[in-house]
Amino acid sequence: MGHSLRAAALLAFVVLSVLVSLLITSVKQFGSGSTRFSNATDEEELAALRRALDLQLRERRKEILPLLQPYDENKDGVLKEVHHFSELDQNSVLDFSLWNEVTLGSGKAHRDRMGCESLMDVRAVEVLGSGYTKLVVKANLAGGQPVALKLVNEQGIDMSKCVEDFKDPQGCRELVSYKLQKEMLLLQRLRHPNVIKLKGHCSGVQGGGGVEKGRVTVILEQGTPLQMIQLLQTPWEDRFRVCLDLVRLLHFLSQSPLGSVGLLDFQPRQFVTVSGQLKLTDLDDISAEETACRTDADCTLQFLHRNFTLPCSSRGVCEDLNEKRNIYNAYRFFFTYLLPHQAPPGLTHLVDHIMNTTGELKANINQTLEAFEQILLLYKSGLHLDNLHPSILRDYTVMRDMSTSGNVEYRCWPSYSQQGCLLSVHNAREAAYICNSHSQCNSFTLTGQKTWTGRFLASFRSSFGHLVPDGASEVYVKKSKVPQPPSS
Ligand SMILES: Nc1ncnc2c1ncn2[C@@H]1O[C@H](COP(=O)(O)OP(=O)(O)OP(=O)(O)O)[C@@H](O)[C@H]1O
Ligand SMILES: *[C@@H]1O[C@H](CO)[C@@H](O)[C@H](O)[C@H]1NC(C)=O
Ligand SMILES: *[C@@H]1O[C@H](CO)[C@@H](O)[C@H](O)[C@H]1NC(C)=O
Ligand SMILES: *[C@@H]1O[C@H](CO)[C@@H](O)[C@H](O)[C@H]1NC(C)=O
Ligand SMILES: *[C@@H]1O[C@H](CO)[C@@H](O)[C@H](O)[C@H]1NC(C)=O
C-alpha cells in the first residue's frame, strides 16, 4: 500500500517536472521565434489590422450613403450619380475621394452656410460637454456670435478603444469622425424646432491646405446641457415644457423624412435647452430601420422593469416599434421625474392619464401629443381654475399701476426667484388663492412679466414699505393689512 503510494507520488513528480520543462522550453522557443521572425509577423499583423480597420471604415461609409439624398433634391445630376454609385460594386462605390466629394463637397445644396472661414478667428471659451465620441466646446465666432463646436473627442472611449484595437490614430480619427459626419447629415435632414440647429461645418477635405483628413468641426447653435437635478427644482410649468417639447419631437420623428426614427441611446444627456426649449443634440445613435418579424414574439421591447410585445404586421415588420420605444423611454427618463410632481390641481387627472397611457404603451404618439396639447390649452386658458370663485378677491384691496418697495420677502418653493416667492398665475384670483394658502402672505403683486405659456409672474410678500408708481403692475393687499398712509 505504502509502496504504491510512494510510486504514484514519484510518477506525479516526474510528470510535473516534464510538463514544467516543456513549458519553459516552449516559452523560450516562442521568445526566440518571435525575435527571429519579428518583422515578418509584425508586418502581417499590421496589414491584418489595417484591413480590419478599412472594413470598418467601409461599413461606416455605407451607413452614411443613404443619408446623402437631400443634397440631390435640387441638383438632379448628383441624384442620378448617387443612385448609380449604389448599384456598383462596393469597393468602387466607396472609393474614397469620390465619396468625400459627395459628402463634403461644398455644393449649392448645402443648407448650412458656415464653413471653415467662419472658424478663422474663433475663440473657444470652455468645454460644454463630452461623451464617448464627441467633444463640445463653447465658442464665439469672429462677429461675437455664440456657437457650440462639436469635434471628435480625442480622449473619448471610441477613440482610445479604436487605437488600442488598430494602432492607427489617423485611421481611427477618420473612423470616429464618420459618426460626426453621420450626425451632421441627420441634422440636415431632421430639421425641427426641437432638434439642435446646424449652422455649418468645416471638414479636412473641404478645408484643404494643412487640415488633416478626418478632422471635422460641426458648428451648432449653442445650448445648455440638460441638468436633471436642476430641472427637478424648477416650477411645474417649466418641467411640463420639457416634456411637451420631447413629445413634439417624438411626434416629428415618428413620421420624419427618414421614416419612423427611434432614438437608441435615449438619455437626458442627449438633450440641451436653448432659452428653455428642449433640443436633441446627439443623433449619432438613431435608427430608421424597421424590424422584420414572423410572429408577435419577434417584436418584443425589453426594458429594465417592463417588457412589451408589439404586433407583427401583415407586411412582416414590427408595427410602430421605434415610436413605442421612444414613448416608453420618454416615460421612464422624463415623465416619471418631471410631470406628476406639483401638477396644478385641476390638471392632475389629465397628467395621471398621460402617465398611465405612456407607461403602459396604450397610446400612440399622436394621441400622446393631443393629450399634452390639451393640457397646455387648459393651462393657458385658465379653464382648470373654474372652481375659484371671484369672491376670493373680496378680501383684497387692489392698487393698479403700482408696485412696491422696501419689501419683506419670504421664500416659497419652487420659486422663479431665489430671494422671494415668485410664482406664475393665470389671474389675480389664482394669486389670491395661493396667497391665502401661504400663512406668511399678506400681499401680492401681479407683474407685467410673463412665462412661456403667457401666464403672469406674481410676487408674494409678507409686507412692504411703500407703493411706487409702475404702469405695468398691480398690487393686492389683504384688507386687514392695508398700510396706513405715511403720517408725516
Ligand atoms: N449644442 C450644444 N450646446 C451645448 N452643449 C452641448 C451641445 N451639444 C452637445 N452638448 C453637450 O456635450 C455633450 C456631448 O455631446 P454628444 O452627446 O453629442 O457626444 P457623445 O460623445 O455622443 O456623448 P455620449 O457618449 O453621451 O453619447 C452632451 O451631453 C451635451 O451635454
Ligand atoms: C526585416 O528583416 C530583414 C532581415 O531579417 C531586413 O532585411 C528587413 O529590412 C526587415 N524589414 C523591416 C521592415 O524592418
Ligand atoms: C423581460 O424579458 C426577459 C427576456 O425574456 C426576461 O429575462 C425578463 O425577466 C423580463 N423582465 C420583466 C420585467 O418582465
Ligand atoms: C395604469 O393604470 C392601471 C389601472 O389603474 C394600473 O394597474 C397600472 O399600474 C397603471 N400603470 C402605470 C404605468 O401607471
Ligand atoms: C398621426 O398624425 C399625422 C398628422 O399629424 C398623420 O399623418 C398620421 O396618419 C397619424 N397617425 C396615426 C396612427 O393616427
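First listed ligand is number 1; within each ligand, the first listed atom is number 1.
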Is Q267 in contact with ligand 1, taking contact as a heavy-atom separation below 4.0 Å?
no

At a 4.0 Å cut-off, with the gap strictly under it, does some heavy atom of E221 reach an atom of ligand 1?
yes

Would you check if L377 and E373 make a side-chain contact, meaning some heavy-atom pair closer than 4.5 Å?
no

Are more than 12 heavy atoms, taken from residues, nucleotides or ligands other than K161, located less than 6.0 Å from that residue's NZ atom?
no

I'd like to check which ligand 1 atoms, numbered from 1 as shown, lie under 4.0 Å from a non-hydrogen atom of [X].
X	value
I196	1 (N)
T133	21 (O)
A148	1 (N), 2 (C), 3 (N)
T281	7 (C), 8 (N), 9 (C)
L128	3 (N), 4 (C), 5 (N)

Cationic N near anionic O, under 4.0 Å, [X] to [Y]:
X	Y	answer
E174	R60	no
K134	D158	no
R455	E430	yes

Would you say ligand 5 has an N or O under 3.5 Å from any N or O of N364?
no

Less than 6.0 angstrom separating the ring centers of F372 and F335, yes or no?
yes

If you take the centroid of each ring, where Trp contributes its six-membered ring, are Y337 and Y331 closer together than 6.0 Å?
no

If we check side chain to side chain contact (heavy atoms under 4.5 Å, CB included) with I196, which of these qualifies: V218, D282, L187?
L187

Is there a disulfide (SG to SG under 2.5 Å) between C299 and C318 once you walk through the steps?
CA-CA 6 Å; C299 302; C318 297; 2.1 Å; yes

Min N/O separation [X] to ligand 1 under 3.5 Å:
X	result
L220	no
E183	no
Q222	no
T224	no

Counting heavy atoms only, which part of D284 comes closer than 4.0 Å to ligand 1: side chain, backbone, both or neither?
side chain

Going by the 4.0 angstrom heavy-atom rule, the piece of K138 near ligand 1 is neither

Taking heavy atoms and a distance under 4.0 Å, where does H305 meet ligand 3: side chain, backbone, both or neither?
backbone

Verify the contact flag for atom 9 (O) of ligand 5, where contact means a protein heavy atom under 4.0 Å away.
no

Test side chain to side chain donor-acceptor pair (under 3.5 Å) applied to S459 and R461, step by step:
CA-CA 7 Å; S459 161; R461 308 200 164 88; 2.8 Å; yes

Would you say E237 and T453 are linked by a side-chain donor-acceptor pair, where the criterion is simply a distance under 3.5 Å?
yes

Counting only heavy atoms, tell me which of D158, L283, D282 gets closest to atom 22 (O) of ligand 1.
D282

Which is closest to atom 6 (C) of ligand 3 in terms of heavy atoms, L304, T300, L301, N307?
N307

Below a 4.0 angstrom heavy-atom separation, can you tell me which part of I365, side chain or backbone, both or neither, approaches ligand 5?
neither

For H438, the ring-ring contact (aromatic ring centres under 6.0 Å, His included) test, sequence neighbours excluded, returns Y410

